[in-house]
Amino acid sequence: MADAPDILTVYRDIAETVGGLALKGKAMRYTAVNGNMFSFLDEGGLCLRLAAADKTEFGVRYGTGDVLRYGSVMRGYVPVPPELIADAPSLAGWFRRSLDFAQSLKPRPGKG
């Protein structure tokens with residue numbers, strides 16, 4: 001059985017190839033456009049921010065729920081399961097949906 005892919009490497013590659021983005025942050029790696037964070041990687045794993053319909057579809061397809069951090073629900077975010085981390089083409093498609101959603105949001109002034 002093959003080893004699981006390194007999640008940071010997968011995340012970095014997807015961000016670069018799909019969105020032409022470099023990861024930001026030191027302790028918590030993340031991506032953002034127009035000041036809107038749309039993905040992050042922390043000790044809890046990789047999470048993507050999706051539009052409501054995409055979030056519902058993702059939850060049904062992968063059996064995921066809400067992302068909880070520090071006792072609060074992170075609205076719009078889904079946890080990426082290990083089987084999707086190992087499936088680069090599918091992960092790229094979901095990352096693209098997340099990026100497209102973030103680009104549709106109102107820019108946040110003074111944010112990168």
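Each residue takes its place number in the sequence, starting with 1.
- Applying the side chain to side chain donor-acceptor pair (under 3.5 Å) rule to Asp13 yields no partners; only residues at least two apart in sequence or on another chain are considered.
- Closest heavy-atom contact between Thr31 and Ala15: CG2-CB, 4.0 Å.
- Atom CG of Asp100 and atom CZ of Phe95 lie 10.5 Å apart (nearest 0.5 Å).
- Under the 4.5 Å side-chain contact rule for hydrophobic residues, Phe101 and Leu50 do not share a cluster.
- The line from CH2 of Trp94 to CG of Asp87 is 12.0 Å long, rounded to the nearest 0.5 Å.
- Rounding to the nearest 0.5 Å places OH of Tyr77 at 7.0 Å from OG of Ser98.
- Of all non-hydrogen atoms in Gly65 and Pro79, the two that sit nearest each other are O-CD, 3.2 Å.
- Val80 and Val10 fall within a single hydrophobic cluster, where Ile, Leu, Val, Met, Phe, Trp and Tyr side chains are chained together by heavy-atom contacts under 4.5 Å.
- Note: the hydrophobic cluster containing Leu48 also contains Leu8 (ILVMFWY, side chain heavy atoms under 4.5 Å, direct or indirect links).
- Atom CD of Glu83 is surrounded by more than 12 heavy atoms from other residues, nucleotides or ligands within 6.0 Å.
- Both Val67 and Met28 are part of a single hydrophobic cluster, where members link through side-chain heavy atoms under 4.5 Å apart.
- Nearest heavy-atom pair across Gly45 and Arg69 is N-NH2, 4.0 Å.
- Taking each heavy atom of Phe38 and Ala102 in turn, the nearest pair found is CB-CB, 3.5 Å.
- Atom-to-atom distance recorded for Leu91:CG and Tyr11:OH is 10.0 Å, nearest 0.5 angstrom.
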request  = Might you work through the side-chain contact (heavy atoms from CB on, under 4.5 Å) test for Leu99 and Leu21, ending with a clear yes or no?
outcome  = CA-CA 10 Å; Leu99 173 58; Leu21 302 167; 4.3 Å; yes

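- The two residues Arg29 and Leu23 make their nearest non-hydrogen contact at NH2-CB, 3.4 Å.
- Between Arg108 and Asn36, the shortest heavy-atom contact is CD-OD1, 3.3 Å.
- Note: the hydrophobic cluster containing Ile7 also contains Val18 (ILVMFWY, side chain heavy atoms under 4.5 Å, direct or indirect links).
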Which pairs would a plain distance check flag for residues 51-58, meaning a side-chain donor or acceptor within less than 3.5 Å of a matching protein atom at least two apart in sequence or in another chain?
unit_1: Asp54; atom_1: OD1; unit_2: Arg97; atom_2: NH1; d: 3.0
unit_1: Lys55; atom_1: NZ; unit_2: Asp66; atom_2: OD1; d: 2.7
unit_1: Thr56; atom_1: OG1; unit_2: Ala52; atom_2: O; d: 3.1
unit_1: Glu57; atom_1: OE1; unit_2: Arg97; atom_2: NH1; d: 3.0
unit_1: Glu57; atom_1: OE2; unit_2: Arg61; atom_2: NH2; d: 3.1

